[in-house]
**Student:** 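So that we are looking at the same thing, I have put the structure below in structure tokens.
Just so you know, residue 1 is the first one in the sequence shown, and it goes up from there. Computation of the quantities below employed the complete heavy-atom set of this structure, encompassing side-chain atoms and omitting hydrogens, waters and symmetry-equivalent molecules.
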Amino acid sequence: IMLHSALALPFLLIAVSSNLAMAIKKEKRAPQTLSRGWGDEITWVQTYEEGLYQAKKSNKPLMVIHHLEDCQYCQALKKAFAESEEIQEMAQNNFIMLNLMHETTDKNLSPDGQYVPRIMFIDPSLTVRADITGRYSNRLYTYEPQDIPFLLENMKKALRLIQTEL
């Protein structure tokens with residue numbers, strides 16, 4: 001009897017550990033990492049250069065979100081952004097989307113300084129839209145969670161400008 005249970009134990013352990021491994025794998029399978037919490041249904045480009053290329057190719061505006069992981073304002077905006085169904089839908093369907101946790105070398109993306117969060121629009125002609133700003137004169141391209149309706153208006157404005165100018 002002793003021998004029988006000694007043999008059964010390793011099999012039991014193997015069964016338990018493989019089930020555990022599968023459970024961990026399922027749990028760990030995070031949505032695509034490029035979203036960084038800004039919206040998992042959105043297709044995100046990886047780099048600014050890729051974003052410019054896709055914007056030109058698809059004739060959609062590029063929306064660039066500068067943010068940092070340890071910035072409480074970024075976290076709050078990210079949460080509001082991700083929770084807005086209308087923004088998520090527009091971002092997915094009408095924009096090329098990029099969120100960056102580092103500065104780009106393109107000085108046009110920091111016309112009034114390098115701060116986060118900062119959201120800028122670049123149209124398919126690769127023009128940075130300095131005319132699409134948030135509500136704060138000291139940080140033109142920043143948005144706060146309560147500014148989501150305003151950001152939505154700016155997204156619509158970015159789309160309208162493309163249609164009227166191209």
Side-chain angles (χ1 to χ4, degrees), residues 23 25-104 106 108-112 114-166:
K25 238 187 210 132
K26 261 191 200 124
E27 189 55 47
K28 276 237 173 84
R29 211 188 129 265
Q32 60 141 328
T33 50
L34 290 177
S35 108
R36 299 187 181 99
W38 289 89
D40 294 330
E41 300 305 309
I42 296 169
T43 306
W44 298 89
V45 293
Q46 205 159 351
T47 62
Y48 182 51
E49 292 67 30
E50 185 192 346
L52 293 174
Y53 172 77
Q54 293 292 345
K56 203 174 177 71
K57 198 175 93 169
S58 65
N59 201 31
K60 291 178 178 178
L62 168 64
M63 184 171 173
V64 182
I65 305 170
H66 283 94
H67 64 107
L68 291 170
E69 205 52 59
D70 56 1
C71 156
Q72 62 180 5
Y73 305 103
C74 300
Q75 293 297 344
L77 181 63
K78 179 195 295 189
K79 187 175 186 298
F81 188 95
E83 285 171 359
S84 166
E85 276 179 41
E86 205 174 345
I87 280 191
Q88 291 292 308
E89 194 177 317
M90 275 182 78
Q92 175 63 17
N93 298 322
N94 307 104
F95 287 85
I96 303 301
M97 297 295 296
L98 171 66
N99 71 74
L100 289 176
M101 298 205 306
H102 58 82
E103 279 301 330
T104 60
D106 188 336
N108 295 316
L109 286 183
S110 51
D112 65 338
Q114 298 183 343
Y115 52 85
V116 290
R118 186 165 93 242
I119 300 179
M120 300 189 72
F121 297 93
I122 293 98
D123 66 30
S125 68
L126 307 187
T127 307
V128 176
R129 299 305 316 211
D131 53 347
I132 305 180
T133 57
R135 306 196 322 189
Y136 308 97
S137 56
N138 59 336
R139 292 185 164 195
L140 291 176
Y141 304 97
T142 204
Y143 296 85
E144 293 184 356
Q146 66 269 24
D147 300 330
I148 287 294
F150 194 74
L151 176 58
L152 199 53
E153 281 311 303
N154 275 348
M155 289 172 80
K156 291 174 182 166
K157 183 176 175 183
L159 292 171
R160 272 197 313 274
L161 286 171
I162 285 179
Q163 274 140 18
T164 56
E165 290 182 7
L166 294 182

**Student:** With the side chain counted from C-beta on, respond yes when I42 and M63 share a heavy-atom pair under 4.5 Å apart, and no when they do not.
**Tutor:**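 Of all side-chain heavy-atom pairs linking M63 with I42, none is under 4.5 Å.
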
**Student:** Closer than 3.5 angstrom, by distance alone: can the side chain of D112 be matched with the main-chain N or O of L140 as a donor-acceptor pair?
**Tutor:**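 Yes; at least one donor-acceptor contact below 3.5 Å.
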
**Student:** Under 30°, 30 to 60°, or over 60°: which ring-plane class applies to W38 and H67, parallel, tilted or perpendicular?
**Tutor:**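 Ring orientation, 0 to 90° scale: perpendicular.
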
**Student:** About how many Å separate CD1 of I65 and CE of M101, when rounded to the nearest 0.5 Å?
**Tutor:**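 Interatomic distance, M101 CE to I65 CD1, rounded to 0.5 Å: 12.5 Å.
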
**Student:** If you measure from CD1 on I122 to OH on Y48, what distance do you get to the nearest 0.5 Å?
**Tutor:**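 Reported to 0.5 Å precision, the distance equals 4.5 Å.
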
**Student:** About how many Å separate OG1 of T47 and CG of L100, when rounded to the nearest 0.5 Å?
**Tutor:**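 Reported value, rounded in 0.5 Å steps: 8.5 Å.
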
**Student:** Could you tell me whether E69 and K78 have a side-chain N and a carboxylate O separated by less than 4.0 Å?
**Tutor:**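 Result for this pair is yes, salt bridge flagged.
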
**Student:** Given D123, which of R129, K56, K60 fulfils the salt bridge (charged side-chain N to carboxylate O under 4.0 Å, His left out) condition?
**Tutor:**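 Option passing the salt bridge (charged side-chain N to carboxylate O under 4.0 Å, His left out) with D123: R129.
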
**Student:** Is it the case that over 12 heavy atoms from other parts of the model lie below 6.0 angstrom from the NZ atom of K156?
**Tutor:**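 Yes - once you tally the heavy atoms of other residues, nucleotides and ligands closer than 6.0 Å, there are more than 12.
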
**Student:** What is the minimum heavy-atom distance between A55 and P124, and which atoms define it?
**Tutor:**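 So the minimum-distance heavy-atom pair works out to O-CB, 3.6 Å.
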
**Student:** Specify the closest pair of heavy atoms between F95 and A158, including all atoms of both residues, with the distance to one decimal.
**Tutor:**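 Between these two residues, the closest heavy atoms are CE2-CB, 4.1 Å.
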
**Student:** Taking side chain as C-beta onward, heavy atoms only, is I148 less than 4.5 Å from L77?
**Tutor:**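 Yes; the side chains approach each other to less than 4.5 Å.
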
**Student:** Does some side-chain heavy atom of Q54 sit less than 4.5 Å from a side-chain heavy atom of L62?
**Tutor:**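 Contact flag for L62/Q54 side chains = no.
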
**Student:** Return the CE to OG distance between M97 and S35, rounded to the nearest 0.5 Å.
**Tutor:**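 With rounding to 0.5 Å, CE (M97) is 10.5 Å from OG (S35).
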
**Student:** Can you confirm whether Q46 is buried at CD, in the sense that more than 12 heavy atoms of other residues, nucleotides or ligands lie under 6.0 Å from that atom?
**Tutor:**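 12 or below, so no.
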
**Student:** Apply the test side chain to side chain contact (heavy atoms under 4.5 Å, CB included) to residues Q92 and T43: give CA-CA distance (whole Å), side-chain angles for both, the deciding distance (0.1 Å), then the verdict.
**Tutor:** CA-CA 6 Å; Q92 175 63 17; T43 306; 3.6 Å; yes

**Student:** I132 versus L161: any side-chain heavy-atom pair under 4.5 Å?
**Tutor:**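 Yes, their side chains come closer than 4.5 Å.
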
**Student:** Would a 4.5 Å heavy-atom cut-off, applied to side chains only, mark I96 and E50 as touching?
**Tutor:**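 No. Closest side-chain heavy atoms not under 4.5 Å.
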
**Student:** Is V64 close to T104 at the side-chain level, that is, under 4.5 Å between some pair of heavy atoms?
**Tutor:**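 Not in contact.
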
**Student:** Measuring from atom CD1 of I162 to atom OG of S125, what distance do you get when rounded to the nearest 0.5 angstrom?
**Tutor:**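 I162 atom CD1 to S125 atom OG measures 8.0 Å (nearest 0.5 Å).
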
**Student:** Calculate, to the nearest 0.5 Å, the distance between atoms CG and CD belonging to D40 and Q88 respectively.
**Tutor:**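 Interatomic distance, D40 CG to Q88 CD, rounded to 0.5 Å: 8.5 Å.
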
**Student:** Tell me whether the NZ or CZ atom of R139 lies within the 45° cone about the ring axis of Y136 and under 6.0 Å from its centre.
**Tutor:**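 No cation-pi geometry.
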
**Student:** Would a 4.5 Å heavy-atom cut-off, applied to side chains only, mark E89 and E86 as touching?
**Tutor:**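 No; the side chains remain at least 4.5 Å from each other.
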
**Student:** Which one of F81, Y141, Y143, Y73 satisfies the side chain to side chain contact (heavy atoms under 4.5 Å, CB included) criterion with P117?
**Tutor:**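 Of the listed options, the one satisfying the test is Y73.
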
**Student:** For K157 and D131, indicate whether the former's side chain and the latter's backbone hold a donor-acceptor pair under 3.5 Å.
**Tutor:**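 Such a contact is found between K157 side chain and D131 backbone.
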
**Student:** Just by distance, do the side chain of R36 and the backbone of N99 share a donor-acceptor pair under 3.5 Å?
**Tutor:**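 Yes.
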
**Student:** Would you mind reporting whether N154 and I119 have side-chain heavy atoms less than 4.5 Å apart?
**Tutor:**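 SC-SC contact between I119 and N154 ruled out.
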
